[in-house]
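Reading through the structure tokens given below for one structure.
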Amino acid sequence: MESSTSSTSNFIRNIVIEDLKSGKHKEIITRFPPEPNGCLHIGHAKSIVLNFELADEFNGKTNLRFDDTNPTKEDTEYVESIKEDIRWLGYEWDGLHFASDYFEEMYNRAVLLIKKGKAFVCDLSADEIKEYRGTLTVPGKESPYRNRSIEENLDLFERMRKGEFGDGEKVLRAKIDMSSPNINMRDPVIYRISHTKHQRTGNKWCVYPMYDFAHPIEDAIEGITHSICTLEFEDHRPLYDWVVRECEMEHIPQQIEFARLNLTNTIMSKRFLKQLVDEGVVDGWDDPRMPTIAGLRRRGYTPESIRNFCREIGVAKATSTVDSQMLEHFVRDDLSAKCPRVMGVIRPIKIVITNYPEDKVEMLEVNYNPNIPEMGKRLVPFSRELYIEEEDFMENPPKKYFRLFPGNEVRLMEAYFIKCNEVIKDENGKVIEIRCTYDPETKSGTGFTGRKVKGTIHWVSAKHAVPAEMRLYEPLILDENDGEEKSFMDRINPNSMKIVNGFVEPALKDAKPQDKFQFMRVGYFNVDIKYTTNDKLVFNRIVSLKSSFKMK
RNA sequence: UGGGUAGUAGCCAAGUCGGUAAGGCACGGGACUUUGACUCCCGGAUGCGUAGGUUCGAGUCCUGCCUACCCAGCCA
């Protein structure tokens, strides 16, 4: 795996280095353990990059493991999309596993716990268990079923498995300490009854292990050395260690927690993302405004840019929110070297070059990227009528505006100098056409040095222009600017997408979905895979170009 | 008010045995420019949540305090 940005030091990497040095491990094994209940997003990418690259750096391995212990929430449809996203990001896992592959083993370990007097079947209802649990400041009370005999527990647990009880009638609980200040240790439920068909094991099971019980066993079975998860599991670590120890797992994995990714103007929770999809606020999981991997891909982000971003933001334990401009920086950085640079006008206004012959067409040979000649050239037609960018003309410009305005001369990129002489308006006073003259002496490439112009603008020959729909995006979610806290549904940006109709140069006529271009002076654009047809080009603006020009 | 974790520039973040504050993003200034892009220079903490203490020397060690986040699913 190439790495254009080297990973910076972080505390997890330091732990790995230390463990290798001390001989605690000869080889490290990490894992990425998604629950197949939704699409992967940029936050998952942080974890993926961390796990895969850490293992890669130290010649270790990384497993992909689907944590499918709750059949009521999971769906096999997500399994393939998750695999696709990981591969697209550029990673290939060593082992591919499913938590459900270990159900028998987990069951046996639970039986072991019972035999050791460390687990018991509890008949309390969910509400009662909650009551008995106590609160953050008040210790819990022991369940009246806590002291059932081992024999009875064994019998009951077996009958739970056989399906003799209904959902919620009984649970298996670890017997730890109801007065622990850590609520997770107050006899946590480790198995529940759910007569639900599982995506992979079908109706074989009606008891399913809880995360806290299942996860450490999965890690131990696979020989995971460093089980990296997010901060909210910090309180669970004592339980994680308890399970590994009491279940007498031969391999002892270590759980390490880091802060999940937060991004400005972005909502990352699966629940909210799902709501956006379900309520039709967006076009689906792959809407180009979504922070999902699928959304970023459709928007036009590259795997390299996402990887570089993930490497650069670092890994730490402090809760933080990364500026989304950081992400934008890394796409620009990556695309800058990869994309052909072409001319596209997103808000066209027509200009007529009055002294240019009616039927003349000049074919200009233009490099796709002046810095990278190997990218080749194409021919760009030039003629009497052109479209330029609406914002490249102002009738009454402010100071320091050096684009087109009455009496001013600018360069048409790769073509001639033109001078604006006349402005045509409609009955409402709106400018509908700009009339200019050109100077034949100033043709690009002729070495004309007679005079200079301050501005260079892009254009497309009207007669040859290829119409295209451009979708301009802004953040889907707006951060509350220190007002009172709003629900995220109230933070939806009504202007998150603007659809405009523009023109691109003819060389793009046959552009294919996912082809990426820099529209010079405008931004980076990706051909949309969903709405582009043979007759219609649809571009997603990936990100605009930076601009230090301030109108004012 | 129980437990857990964290506080280094506007935003991320490094900082190994205490030795005199990396890097990136953003921002500002300048150079260059047929993209107001890119690139290239220059600019930032006498300061590391805060108050004390130990020390020749503290972001690093000690004590107190403040603030923020997480935890009471038969979710993960």
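We name chains A, B, ... by the order of the sequence lines, and we start the count at 1 in each one.
Atom CG of N10(A) is separated from atom P of A22(B) by 20 Å (rounded to the nearest Å). In this entry the distance linking CZ of R31(A) with P of A76(B) reads 15 Å, nearest Å. Summarising the geometry, the separation between CG on L404(A) and C1' on G36(B) is reported as 16 Å, rounded to the nearest angstrom. Taking atom CD on E128(A) and atom C1' on G73(B), their separation rounds to 16 Å, with Å as the unit. The nearest whole Å value for the distance from the CZ atom in R133(A) to the C1' atom in G2(B) is 15 Å. Whole-Å rounding puts the F549(A) CZ to C38(B) C1' distance at 19 Å. K546(A) places its NZ atom 14 Å from the C1' atom of C40(B), with the value rounded to the nearest Å. Taking atom NE2 on H236(A) and atom P on U5(B), their separation rounds to 14 Å, with Å as the unit.
Of the listed residues (F66(A), F98(A), W205(A), F103(A)), just one forms a ring pair (Phe, Tyr, Trp, His ring centres under 6.0 Å) with H198(A), and that residue is F103(A).
Here Y208(A) lies out of heavy-atom contact (under 4.0 Å) with every strand. Across all strands, E328(A) comes closer than 4.0 Å to no nucleic acid atom at all (heavy-atom distances). Using a 4.0 Å heavy-atom distance criterion, I129(A) is classed as a base contact. I190(A) comes within contact range of no nucleotide atom at all, as no heavy-atom separation falls under 4.0 Å. Across all strands, V315(A) comes closer than 4.0 Å only to sugar-phosphate atoms, never to a base (heavy-atom distances). Nucleic acid contact class of E414(A) (heavy atoms, under 4.0 Å, all strands): base.
Of the possible donor and acceptor atoms, none in the side chain of D334(A) sits under 3.5 Å from a partner among the backbone N and O of F330(A). Put simply, the side chain of H195(A) gets close to the backbone of F165(A): a donor and an acceptor are under 3.5 Å apart. Looking at N182(A), its side chain does come within 3.5 Å of a backbone N or O of N184(A) through a donor-acceptor pair.
Salt-bridge check for E389(A) with R347(A): failed, with every basic side-chain N at 4.0 Å or more from each acidic carboxylate O.
N182(A) contributes no side-chain N or O that forms a donor-acceptor pair with the base of G4(B) under 3.5 Å. Checked by distance alone, R403(A) brings a side-chain donor or acceptor within 3.5 Å of a matching partner on the base of G36(B).
Under 4.0 angstrom from either OP1 or OP2 of U16(B) there lies no side-chain N or O belonging to S9(A). Under 4.0 angstrom from either OP1 or OP2 of G3(B) there lies no side-chain N or O belonging to T137(A).
Using Watson-Crick or G-U wobble geometry with both donor-acceptor distances under 3.5 Å, U63(B) finds its partner in A51(B). Judged by Watson-Crick or G-U wobble contacts below 3.5 Å, the nucleotide U1(B) has no partner. Across the strands present, G18(B) finds no partner; the criterion is a Watson-Crick or G-U wobble pair with both atom distances under 3.5 angstrom. With both pairing distances under 3.5 Å, G43(B) is matched to C27(B) as a Watson-Crick or G-U wobble pair.
Nucleotide G73(B) carries a syn base; the chi torsion (O4'-C1'-N9-C4 or O4'-C1'-N1-C2) is within 90° of 0.
Nearest to the side-chain atoms of Q325(A) among the listed nucleotides C69(B), C75(B), C25(B) stands C25(B). Comparing G3(B), A76(B), A13(B) by their closest approach to the side chain of P181(A) singles out G3(B). Among A76(B), C75(B), C12(B), the nucleotide with an atom closest to any side-chain atom of E232(A) is A76(B). Among A76(B), G2(B), G4(B), the nucleotide with an atom closest to any side-chain atom of D235(A) is G4(B). Out of U5(B), A76(B), G3(B), the shortest distance to the side chain of E74(A) is found at A76(B).
Counting heavy-atom neighbours within 6.0 Å of K270(A) NZ, excluding the residue itself, gives a total above 12.
Distance check on atom C1': A31(B) versus G23(B) gives 24 Å, rounded to whole Å.
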Practice problem: For the pair K141(A) and E131(A), evaluate salt bridge (charged side-chain N to carboxylate O under 4.0 Å, His left out) and give the outcome as yes or no after the intermediate values. | Solution: CA-CA 9 Å; K141(A) 290 181 302 193; E131(A) 250 181 74; 5.3 Å; no
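Heavy-atom nearest nucleotides on RNA chain B were determined for H329(A) and for T446(A), and the one closer to the 5' end corresponds to H329(A). Mapping T72(A) and S336(A) onto RNA chain B via the closest heavy atom, the residue that lands nearer the 5' end is S336(A).
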